[in-house]
Amino acid sequence: MTTDDLSTLTRNPLRERLARGELATSMSLRMSRSHEIGRIAASAGFDALYVDLEHSVLSLETAATLCHAAREAGVVPLVRLPGLDSSLIGRVLDGGAMGLILPHIEDAAQACAAVSAALYPPRGTRSMGTGQALLHYRSFPAAQACAALNEAIFIAVMVESAAGLAAVDAIAAVAGVDMLFVGAGDLGAELGWAAADDDAVVDAFGKVVAAARPHGKFVGAGGIANRPAAMRRVFDLGVRFISTGTDLGFLAAGAARQLDAAKRAVQGA
């Protein structure tokens, strides 16, 4: 196997897109369990999806299946974990995730622990395992494979608490973190944002963008897909990764919309 083969297998289109300053869109999976969702996400035009193990009962086995399906369809698969668990991080990555979303990161030490668990030595402490899904189970020299996988894995840490926002400068400085992902739902609940207070939302994002920029870190947004004015404003600030919603939410909204259309049609409304 050649180094060209290795670089092709470990290429991460999400990181490349963000590095070009382009918008990257994602959906999250909380109920889907079959491979079709990868093609559906690709057909819809999503750049990434993330399997949400924090807010679902999906298993690791299902997460791996969904990651494989997404990648085969050309969509970058990420997994949001329920917490900072080094053993779980390794298993999710072994299962085929190209990146991680780590919730409730509140200081630099936690961010460092996340990076260490996700990366192989000498950059981290991830345990060596044979048969890597991201390498299509092909064999490469261990040192080359580990270095390439370390470059491929996309690590996003969530800023979704007052403590995390207060420590955002230190978190942004942690080597190996690729993106600060603002969870506006949890952050807003803790800070007491009013439902229509876009200024408070944008102010928080501005602090994160200002912290991220000197370190070349990307900034992502979750929890504002239904606030288009705020979404436009944070995009103007420099946010380039947008989580647009969940499969469950899309299904519920689509079902309600179609039912309403049918009723209107037969009732002459």
Side-chain angles (χ1 to χ4, degrees), residues 9-10 12 14-15 26 28-33 48-71 76-161 163-164 167 170-171 174-181 183 186 220 222 243:
L9 289 173
T10 56
N12 192 319
L14 175 61
R15 180 182 282 109
S26 176
S28 60
L29 307 184
R30 293 183 180 174
M31 59 172 286
S32 300
R33 288 171 168 77
L49 60 75
Y50 65 89
V51 185
D52 190 351
L53 297 184
E54 182 184 15
H55 295 297
S56 77
V57 295
L58 297 174
S59 68
L60 280 176
E61 184 176 3
T62 298
T65 297
L66 296 172
C67 286
H68 281 265
R71 192 175 184 217
V76 175
L78 312 173
V79 173
R80 178 159 71 176
L81 297 176
L84 184 54
D85 181 331
S86 60
S87 61
L88 189 56
I89 286 172
R91 294 182 71 190
V92 162
L93 293 174
D94 285 350
M98 295 192 75
L100 303 167
I101 298 175
L102 286 306
H104 305 291
I105 299 299
E106 297 191 331
D107 56 43
Q110 291 179 337
C112 287
V115 171
S116 179
L119 301 183
Y120 290 112
R123 295 180 60 190
T125 58
R126 181 180 170 191
S127 177
M128 300 286 292
T130 58
Q132 282 291 325
L134 291 188
L135 300 182
H136 290 195
Y137 305 106
R138 296 164 68 179
S139 179
F140 294 91
Q144 292 180 18
C146 289
L149 288 167
N150 279 351
E151 291 300 317
I153 299 303
F154 188 86
I155 302 174
V157 298
M158 295 202 71
V159 178
E160 50 185 345
S161 68
I171 294 171
V174 173
V177 169
D178 293 293
M179 184 171 77
L180 306 179
F181 186 23
D186 282 350
S243 178

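What you see is a predicted model; the values in this text were computed from it and never measured.
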Check: What's the shortest heavy-atom distance between M128 and A142, and which atoms?
Finding: CE-CB, 4.1 Å
Check: So with a 6.0 Å cut-off around CZ of R91, is the heavy-atom count from everything else above 12?
Finding: no
Notebook entry, point to check: Rounded to the nearest 0.5 Å, how far apart are CD of Q132 and OG of S139?
Noted result: 11.5 Å
Next item on the list: Using the side chain to side chain contact (heavy atoms under 4.5 Å, CB included) rule, take L135 and F140 through it: C-alpha gap first, then chi angles, then the decisive distance, then the call.
Entry: CA-CA 9 Å; L135 300 182; F140 294 91; 4.1 Å; yes
Margin query: Is there a side-chain contact between V51 and S32 in this structure, where contact means two heavy atoms from C-beta onward sitting under 4.5 Å apart?
Written below: no
Next item on the list: Spell out, as yes or no, whether a donor-acceptor pair under 3.5 Å connects the side chain of N150 to the backbone of L119.
Entry: no
Note to self: Can a donor-acceptor pair be found, under 3.5 Å and without considering hydrogens, that links the side chain of R123 to the backbone of V115?
What the structure shows: no
Item checked: Test item: R15 side-chain N/O and A152 main-chain N/O as donor-acceptor pair under 3.5 Å -> yes
Notebook entry, point to check: So, H104 versus E54: side-chain donor-acceptor pair below 3.5 Å or not?
Noted result: yes
Item checked: Worked check of side chain to side chain contact (heavy atoms under 4.5 Å, CB included) between M158 and R80 -> CA-CA 10 Å; M158 295 202 71; R80 178 159 71 176; 3.4 Å; yes
Next item on the list: Could you tell me which residues satisfy side chain to side chain contact (heavy atoms under 4.5 Å, CB included) with A133, sequence neighbours excluded, listed by chain and number?
Entry: H68, Y137
Check: Where do L53 and S59 come nearest, in terms of heavy atoms and distance?
Finding: CD2-O, 4.3 Å
Notebook entry, point to check: Taking the side chain as C-beta and beyond, is there a heavy-atom pair between D186 and S161 under 4.5 Å?
Noted result: no
Item checked: Side chain R33, main chain M31, donor-acceptor under 3.5 Å -> yes
Check: How about D52 and L29: do any of their side-chain heavy atoms sit closer than 4.5 Å?
Finding: no
Next item on the list: Test side chain to side chain contact (heavy atoms under 4.5 Å, CB included) on L100 and V157 and set out the steps.
Entry: CA-CA 8 Å; L100 303 167; V157 298; over 6 Å; no
Check: Going by atom types alone, do T65 and T62 pair a side-chain donor with an acceptor below 3.5 Å?
Finding: no
Next item on the list: Please step through side chain to side chain contact (heavy atoms under 4.5 Å, CB included) for the pair S243 and F181, ending with a clear verdict.
Entry: CA-CA 10 Å; S243 178; F181 186 23; 3.9 Å; yes
Notebook entry, point to check: Per the side-chain contact (heavy atoms from CB on, under 4.5 Å) rule, which among D94, I153, T10 passes with L134?
Noted result: I153
Checklist line | Set of residues satisfying side-chain hydrogen bond (donor to acceptor under 3.5 Å, both in side chains) with respect to S26, sequence neighbours excluded | finding: none
Item checked: Spacing of OG belonging to S86 relative to CG belonging to L81, to within rounding of 0.5 Å -> 11.0 Å
Notebook entry, point to check: Counting distance only, does the side-chain N/O of S28 pair as donor-acceptor with the main-chain N or O of Y50 below 3.5 Å?
Noted result: no
Item checked: Straight-line distance of M179 CE to L102 CG, nearest 0.5 Å -> 11.0 Å
Notebook entry, point to check: Can you tell me how far CD1 of I155 sits from CG of L78, rounded to the nearest 0.5 angstrom?
Noted result: 11.5 Å
